[in-house]
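Structure first, commentary second.
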Amino acid sequence: SASPGDGDGEYDGSIHIGAVEPFSGVYANLGEAEVQGAELAIQDLEEEFDVDIEMSEADTEVDPDVGVRRIEELTTQDGIDVAFGGVSSSVAIAMGQWASRNDLAYIASGSHSDATTGEDCGQYMWRTASSNTMLARTAGQAMAEHADSWALIYADYTWGQTARDAVTAALEENGAEVVDTISAPLGADDYTSALNQAESSGAEAMGNITAGADTTRLCQQYLDSGLAEEMKTGGVLLEDEVLWSLGPEGVSQMGVWATVWGPSVQSGQMEEFVQRIRDEYGTTAYSRHYLGYQSVDQLVRAVVRAESVAAEDIRQELDGHDYTDVGLLDGTQQWRECDHQNVKPTYAVRARDADDMVDEDGERIWFETVTEQQGEDVMRSCDETGCSSDWT
Amino acid sequence: MASTTLAGKRWTERTVATITGMNTVWKVMYLLLGLWILLTAAVSPGLFATQFVSGLVYGMILVMIALGLSLILGLMGVINFAHGAFFMFGGYVAFAVVAQLGLPFSVALIVAPITVGLLGVVIERFLLRRLYGTEPINGLLLTFGIALMLEEAVRYTWGSAPLGYSADVFENPVPLLVTNVAGIRIFTTIVGILSVITIYLLIVRTDFGLSIRAGVQDPEMTELVGENLPVKFTLLFFIGSALAGLAGVLRGAETGIDPGMGSLFIILVFVVIVVGGMGSFFGSVVGGLLIGTAMFVAPTMLNALATTTGLPWLYLPGARRVVPFVVMIVVLLARPRGLFGEEGFLE
Amino acid sequence: MSTPPQSDAEPILETRGLTKKFGEIIANDDISIDVRNDELRSIIGPNGAGKTTFFNQIAGVLPSTEGTVHFKGRDVTDEPIEERAQLGLGRAYQSNELFFEQTVFENVRVAAQTAEIGEFSFDVFSRARNFKADRAEELLERLYLSDERNTEARNLSHGDQRRLGIAIALATEPDLLLLDEPTSGMGPEATEETASLIKELRDELDIAIVLIEHDMSVVMGISDRITVLYDGSHVATGDPETIRANEEVQEAYLGGMKEEELEL
Amino acid sequence: MTLVEIEDLCAGYGTGQVLFDVSIDIEEGEIVSLLGRNGAGKSTTMRCVAGAEPPHVLDGSIRVNGEDITDTKTYKRANKGIGYVPEERRVWPGLTITENIRMAINNTTDPLDMDRVLSYFPRLQDLEDKAARNLSGGEQQMLAIARALASNPDVMLMDEPSEGLAPYIVRDVEEVITTLNEEEGLTIFLVEQNVVMAMDVSDRHYFIDQGQIVDEMTPSKLKERPEVRQKYLSV
Amino acid sequence: MSKKTSTRAEQFKNLVNGSITVPERQVDLLVVGALAALAIAMPTIAGVLMGYSGVASNVLIWMLFAVAFNLLLGYTGLLSFGHAMFLGGAMYVVAIVMNQLGPVMIVLAIPLALALAGLVAYGIARLIVEKGEIYFALLTIAFGEVVWYIANSDPGGLTGGDDGIASGLLPPLVESYRGQLSVYLGSFAVDIYWPVAAVFVVATYLLFRIVRSPFGRTLLTIRENEQLARSIGVNTRRYKIHTFVISAVFSALAGVLLVIVNQNVATSYLFWETSGEVVMMTIVGGMSSFAGPIFGAFLWYLGAEFLSGWQAIGGLRHYWQFGFGLLFVAIILIDPRNGGWGALKNSVRWAVNKYFGGN
Ligand SMILES: Nc1ncnc2c1ncn2[C@@H]1O[C@H](COP(=O)(O)OP(=O)(O)OP(=O)(O)O)[C@@H](O)[C@H]1O
Ligand SMILES: Nc1ncnc2c1ncn2[C@@H]1O[C@H](COP(=O)(O)OP(=O)(O)OP(=O)(O)O)[C@@H](O)[C@H]1O
Ligand SMILES: [Mg+2]
Ligand SMILES: [Mg+2]
């Protein structure tokens with residue numbers, strides 16, 4: 001592989017990948033899951049091609065400052081050729097901007113914020129995960145079918161605010177009414193106030209526009225307050241793991257959600273993927289495993305095609321590239337040139353009845369797929385993104 | 001520490017004195033505040049009432065957490081920054097008991113406080129004890145370090161992901177006045193009230209607290225009049241820590257647990273104590289309820305103001321998070337030692 | 001400090017009706033005294049008579065409930081402590097109040113510096129270490145502290161600490177010096193030394209000194225006049241002979257005293 | 001009956017020995033004072049009896065009411081009939097007068113009641129709810145005595161009760177001591193620098209010099225022999 | 001003791017023991033020299049000890065921040081738990097100006113950031129500077145939270161809310177390739193580390209001069225005994241306010257450097273945890289000396305970079321803060337005032353005395 005700090009773009013059959021993920025802090029488990037997925041991808045790729053792949057990990061914590069320092073360190077010190085990772089969008093964006101300035105190809109595997117492929121898009125930053133808008137539109141349609149009027153509780157930060165607007169638009173487009181939008185601080189410990197307001201709005205359902213631990217808490221309190229008997233619910237971003245702690249009974253009341261991918265979506269070779277994750281790591285695969293796998297898979301393939309690790313060469317390969325997943329989903333996906341967003345299906349899922357859930361041996365398939373939206377149908381148009389994409 | 005530190009003696013008198021002694025600016029401000037509250041109640045009476053009741057219940061949770069902290073602060077003069085971590089640890093012990101060992105919630109209610117209490121005892125005996133009589137800031141910093149260690153240890157053991165466990169029978173919602181309140185919340189409120197009463201009777205009304213205060217001021221002399229002091233210190237720290245643990249069990253059952261929940265709460269609870277007046281037992285109770293209701297009612301009030309004035313920007317979304325701090329700044333500017341604070345305490 | 005002694009000059013300090021209440025308790029009640037600007041005045045009275053409180057009121061440490069303090073003809077009743085200090089009011093405390101972690105030299109130097117630069121100076125770039133060093137050295141010499149120049153104040157013996165307190169007060173170039181029990185905690189010899197030092201200081205520097213003291217040998221030995229406080233009230237003021245003879249004072253304060261003790 | 005028997009007491013701080021074979025007997029109802037120069041070991045003796053640490057006892061024994069208390073834990077001694085008025089008063093500054101006294105009452109099995117204790121000190125009665133830190137020196141001294149008295153001791157150890165007090169208050173303290181002794185039959189073990197006062201109240205004096213008991217006599221005898229004072233007490 | 005000509009060894013011993021005092025001007029030279037040496041050596045030190053030389057500029061910046069912070073804690077005795085608002089606030093000001101008006105505007109942004117920090121600090125200080133220790137600490141947290149709230153709520157789309165600002169922050173004349181950030185002056189290129197290091201040396205030296213000035217010496221009296229300070233005629237309130245402002249401005253300077261070097265800013269810079277970090281650095285290093293916080297910042301980075309990258313301890317390395325917490329606790333128990341720097345000095349002293357014979 002390349003020696004420390006050379007970054008000369010020469011490719012000699014070995015690829016050094018940097019995994020810049022939160023291994024500590026609130027998102028540590030998500031970062032861990034992405035790395036697990038990535039490890040599987042490396043196994044597969046080494047088998048498929050005659051390449052030698054090395055992965056160096058670095059902990060970004062939940063701090064853009066640390067993230068930038070780590071990706072810089074991996075680049076100058078460990079001599080990585082390409083990088084992926086990042087959960088919280090502020091960290092991912094900071095790293096993506098850094099990568100773009102420093103000629104390093106980087107895939108922000110797990111940040112959903114629109115800004116990542118919008119106003120904060122970067123020349124050498126791509127995003128595997130579905131964007132906020134993609135999720136919101138998918139969710140909006142399913143939610144509109146689930147209930148006619150909604151009160152939306154959103155986490156009061158960039159992601160939550162944009163998701164709120166997107167969901168509102170999607171709901172209204174699909175004939176549902178948004179009665180009230182209620183803010184709750186990011187990292188709130190208590191949603192009673194918001195739930196009270198949702199209840200008093202008279203809406204038929206409560207929309208959950210939060211992420212991570214916030215989702216867990218809001219769902220838990222929704223159940224505890226007995227609101228579940230009066231109002232339906234649904235949400236915009238499901239990462240299965242955050243709901244595991246509610247237990248099957250609780251989750252059965254969780255209504256419809258959008259997700260990047262979930263263990264219930266076992267099309268293509270995903271069944272095998274779920275099985276492998278369970279065998280290797282003893283846990284149920286969920287979106288993060290998938291994103292980690294896909295990010296590494298795509299990076300390596302681009303390098304192999306380009307026979308170069310130079311960011312610009314990789315960009316030539318990736319931009320506008322159509323591909324069919326090997327080892328994952330069916331169908332064709334694309335790297336959109338204008339904003340570096342991965343054009344991919346986004347799913348709406350619905351909680352099963354507790355009796356219908358698969359819940360054994362660490363396998364937790366608690367949702368069922370209701371719709372699969374094709375990427376192009378739910379993405380923002382290139383114009384809408386606000387990405388100033390004159391890459392050359 | 002003054003004599004009436006813990007007893008709320010004469011606080012009614014003091015309230016009256018405060019109101020009469022206030023200057024006109026403050027009087028006008030309080031008047032406006034009152035009018036604003038009335039306006040809100042008029043604009044959306046149902047929501048206001050619901051939020052008010054929920055706020056009180058939430059305030060009771062704050063009181064529950066603040067209680068142990070306030071007890072140790074008021075009697076021993078130790079600013080226990082690790083209290084939040086104890087609280088969080090209580091939740092994790094309950095998780096281990098309920099979710100990992102499969103025992104009933106009631107077992108966790110007993111085991112977790114005891115475990116956390118014992119941890120507190122260890123910290124008191126081997127670390128804090130060396131700092132008695134030095135500047136209070138040392139205790140604050142020491143426990144700050146302990147909090148960091150405890151949080152890391154919990155992350156190492158249980159991971160960073162949010163976890164949850166079942167609270168058995170308390171999961172069902174209970175109707176309360178104008179609203180439904182989660183059963184676990186009602187239970188927490190009851191436990192909170194009982195704790196306040198118990199602590200009051202046990203410590204404030206008996207001479208237990210007296211001995212502790214004497215012991216902090218002059219340990220040798222306290223032993224010389226026949227007091228077995230180390231045992232009492234340890235016992236007090238046990239009670240204070242166990243209360244944090246108990247609060248953690250209840251809180252965890254309600255909202256789930258994660259390693260960051262301690263630091264999330266500790267600042268808020270400090271605000272409660274400062275608003276109530278440091279070292280004042282009643283202050284923390286009043287401060288907790290005040291902050292709790294303010295956090296719930298303030299957004300509704302802003303909303304009411306925004307709708308009646310037609311100025312939508314007045315409705316500051318997410319303002320709830322800064323409400324406690326704004327309350328604290330306002331209270332402290334008007335009353336430098338909080339609502340019931342004693343002059344000279346920890347200054 | 002070069003004005004010649006002038007016995008019947010303007011009083012440097014005038015208190016009028018000075019009263020201090022702590023809640024219900026009246027620590028001082030309607031105390032009016034004048035101190036001439038070259039006088040050596042003692043204040044005596046039983047414990048709890050209000051002596052220290054009186055000092056605190058004069059220095060501005062405690063706000064007075066009623067009454068006024070005039071210093072050098074100026075009404076300073078509502079001035080903060082530092083303002084009075086800058087005007088020339090020096091104070092040594094009953095309990096040892098020092099900058100304990102600084103050297104003896106720095107303790108005195110910084111006090112001298114403050115006298116020079118005023119209550120506030122945004123002089124951030126000149127060098128402080130030798131600023132007013134001469135003055136500090138001089139004072140240390142004067143109070144037999146030169147040997148301890150580089151000792152941290154907290155490591156001084158009790159008696160040396162008391163002298164350092166006086167040195168700090170003197171470094172502020174006061175025109176009126178308040179000393180609260182300067183000899184307490186000193187052995188008999190040191191007490192005697194300190195007493196004569198106080199007298200010398202007054203003569204040399206030509207300043208007014210007010211001291212609180214329980215040690216009658218000191219009080220009777222060096223004072224020009226003595227003021228007696230009892231239970232917060234002013235009982236008598238007069239020269240040592242008058243006070244010794246005053247029956248009320250005998251009753252209230254000296255009464256319990258054996259001849260032997262008065263001579264000690 | 002001999003109430004306090006100190007027998008061949010050796011004690012010290014750290015590695016240094018301060019007391020060498022100190023023996024003192026105090027009869028019931030007696031006022032005995034221990035006199036000596038600064039640093040002679042007076043307070044050390046008293047602290048050994050009261051159970052304060054440091055110093056630690058190296059050898060010898062202390063008996064009170066016939067019971068050997070040499071190794072008894074500090075906090076248990078108050079209940080063996082010992083009341084202690086320490087050097088520098090040591091009242092709890094943050095507690096009120098009544099709270100200070102209550103601390104002693106709470107921790108002894110057979111205390112006096114509050115009213116009775118306060119009746120000896122009318123001045124304290126007026127200040128009941130005042131924090132001790134806000135008391136003047138004399139008031140604090142009275143409080144320290146009242147506190148020791150409240151535990152209803154058989155013997156009261158008083159370490160320099162007149163220190164730092166105005167002459168007039170010294171007289172008050174003297175009065176309280178004699179009253180307690182006469183009316184309550186309280187045994188008192190007194191350490192004083194103020195020899196005049198000690199001579200006024202004591203039945204007997206012990207003289208200590210460099211940690212050793214060097215003489216023992218009555219006040220009248222002491223009056224006749226001024227050279228003893230010169231020898232053991234002058235600076 | 002008889003006077004004899006002292007050997008070099010003895011001179012050295014005396015110097016270490018502090019019984020020789022160096023003349024004032026030489027002290028200045030010494031300090032500038034030491035700071036410059038530190039700055040020159042830091043890339044190497046970071047490379048060797050932390051395994052990554054690129055972190056050197058961040059280390060220096062945090063050192064400056066800690067020293068500025070310690071002006072309050074160590075010298076004036078005020079514990080601010082909200083100092084992140086000045087560091088992060090300045091970063092935001094610079095970022096917003098550059099982002100909105102173009103990178104060239106950095107020349108305007110820097111003075112603006114410093115001035116705003118000073119102004120805000122002045123306002124806050126006037127309100128709270130006389131509150132008791134604990135109240136002061138909590139009030140600074142409160143103001144910090146308010147600043148955080150403002151940044152997080154993305155007023156006018158200026159702050160980017162939770163995402164922060166990460167683009168458009170490359171200053172003019174600066175270029176970046178694969179981690180190398182260079183300043184170009186014509187054809188002459190220099191790693192950005194060196195300008196940062198130069199600012200660090202100058203700013204830290206200025207702080208040193210402040211500490212040694214009559215102003216700085218007066219601050220010590222306030223910390224040690226506020227009542228006595230007032231009794232000798234010090235207007236403690238005005239000193240405290242001014243110190244708060246100075247400390248804020250230098251903290252803001254650290255923020256300015258940070259945003260130039262890292263080219264991103266996010267709300268995490270405004271968290272009270274960031275304020276907590278600088279408190280910990282300062283205490284661990286030792287608040288009683290000028291060098292203490294510098295040492296503390298160094299230890300913190302050593303922990304963050306070395307421990308967290310130390311593969312030998314496996315998964316444990318993700319919990320390196322546990323180790324730092326432990327160190328923190330140890331310091332509080334051993335010597336909360338002199339901290340790690342004090343311990344280091346004492347052990348050097350001990351070793352020197354042992355080696356050259358004790359006295
Ligand atoms: N801060 C305070 N709060 C309430 N009462 C106080 C306070 N300070 C002093 N006092 C009371 O005021 C009275 C006078 O106290 P002060 O300290 O002036 O006495 P003093 O004459 O200096 O006595 P001493 O000779 O023992 O020093 C005492 O009764 C004391 O209890
Ligand atoms: N805590 C201590 N540690 C070490 N030595 C001590 C300690 N306390 C007292 N000493 C030493 O023990 C000796 C006796 O002290 P003690 O306090 O008994 O004297 P004293 O007779 O009460 O004197 P004074 O009249 O000054 O109170 C002295 O030499 C003293 O220095
Ligand atoms: Mg006094
Ligand atoms: Mg003694």
Side-chain angles (χ1 to χ4, degrees), chain C residues 55-56 59-61 80-93 95-103 105-133 150 152-154 165 168-174 178, chain E residues 17-28 31 71 74-75 77 130 205-243 245-247 249-250 287-289 335-338 342:
Chain C
F55 265 20
N56 282 336
V61 173
I81 310 174
E82 55 267 23
E83 194 70 34
R84 301 187 202 203
Q86 289 291 344
L87 271 176
L89 204 153
R91 160 98 190 261
Y93 286 86
S95 52
N96 286 330
E97 300 275 350
L98 305 170
F99 304 119
F100 283 106
E101 285 174 23
Q102 308 286 317
T103 61
F105 169 73
E106 179 64 14
N107 265 275
V108 180
R109 192 202 64 75
V110 82
Q113 167 187 298
T114 310
E116 182 80 15
I117 65 180
E119 65 160 26
F120 179 79
S121 155
F122 197 59
D123 178 2
V124 283
F125 292 128
S126 57
R127 293 180 171 81
R129 202 166 87 184
N130 297 319
F131 193 93
K132 299 295 276 182
N150 294 322
E152 276 185 35
R154 64 181 161 155
I168 292 175
L170 283 174
T172 63
E173 303 184 9
L178 307 178
Chain E
N17 285 329
S19 39
I20 290 183
T21 43
V22 187
E24 196 74 349
R25 277 184 196 281
Q26 284 184 26
V27 169
D28 281 65
V31 168
L71 197 59
Y75 287 88
E130 279 181 311
Y205 173 65
L206 286 182
L207 282 165
F208 180 75
R209 285 302 302 273
I210 290 176
V211 162
R212 306 271 288 200
S213 73
F215 180 88
R217 294 286 121 177
T218 310
L219 297 184
L220 283 173
T221 66
I222 299 173
R223 185 199 74 197
E224 287 216 356
N225 190 336
E226 184 163 355
Q227 163 112 348
L228 181 60
R230 296 186 65 190
S231 288
I232 61 171
V234 175
N235 189 332
T236 53
R237 183 180 150 81
R238 281 183 74 187
Y239 276 98
K240 284 183 187 173
I241 293 174
H242 280 75
T243 314
V245 171
I246 295 176
S247 174
V249 170
F250 277 91
M287 62 166 135
S288 71
S289 57
D335 187 352
R337 290 206 55 80
N338 297 317

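In what follows, chains are A, B, ... by sequence order, proteins preceding strands, each numbered from 1.
Among Asn130(C), Asp123(C), Val61(C), the residue with the largest count of heavy-atom pairs under 4.5 Å with chain E is Asp123(C). Comparing Gln113(C), Arg91(C), Lys132(C), Glu83(C) by how many heavy-atom pairs each has under 4.5 Å with chain E, the most go to Gln113(C). Chain E forms more heavy-atom pairs under 4.5 Å with one residue of Thr172(C), Leu87(C), Ile81(C) than with any other, namely Ile81(C). The choice from Arg84(C), Glu116(C), Gln86(C) that makes the most heavy-atom pairs within less than 4.5 Å of chain E is Gln86(C).
Contact of Ala111(C) with chain E is made through backbone and side chain together, with heavy-atom distances under 4.5 Å. Contacts of Ile246(E) with chain C are made by side-chain atoms alone, with heavy-atom separations under 4.5 Å and no backbone atom involved. For a residue to count as touching a neighbouring chain, one of its non-hydrogen atoms must lie under 4.5 Å from one of that chain's; by this rule Tyr93(C) touches chain E with the side chain only.
Using cut-offs of 30° and 60° on the angle between ring planes, the pair His242(E) and Phe120(C) is tilted.
Between Gln102(C) and Asn107(C), the side chains place no donor N or O within less than 3.5 Å of an acceptor N or O (distance only, hydrogens not considered). Asn338(E) and Ser288(E) are linked by a side-chain donor-acceptor pair at a separation below 3.5 angstrom, with hydrogens and angles left out of the test.
In this structure, CG in Asp28(E) is found 3.5 Å from OH in Tyr205(E), a value given to the nearest 0.5 Å.
Taking the six-membered ring where the residue is Trp, the centroids of Tyr239(E) and Phe215(E) are separated by under 6.0 Å.
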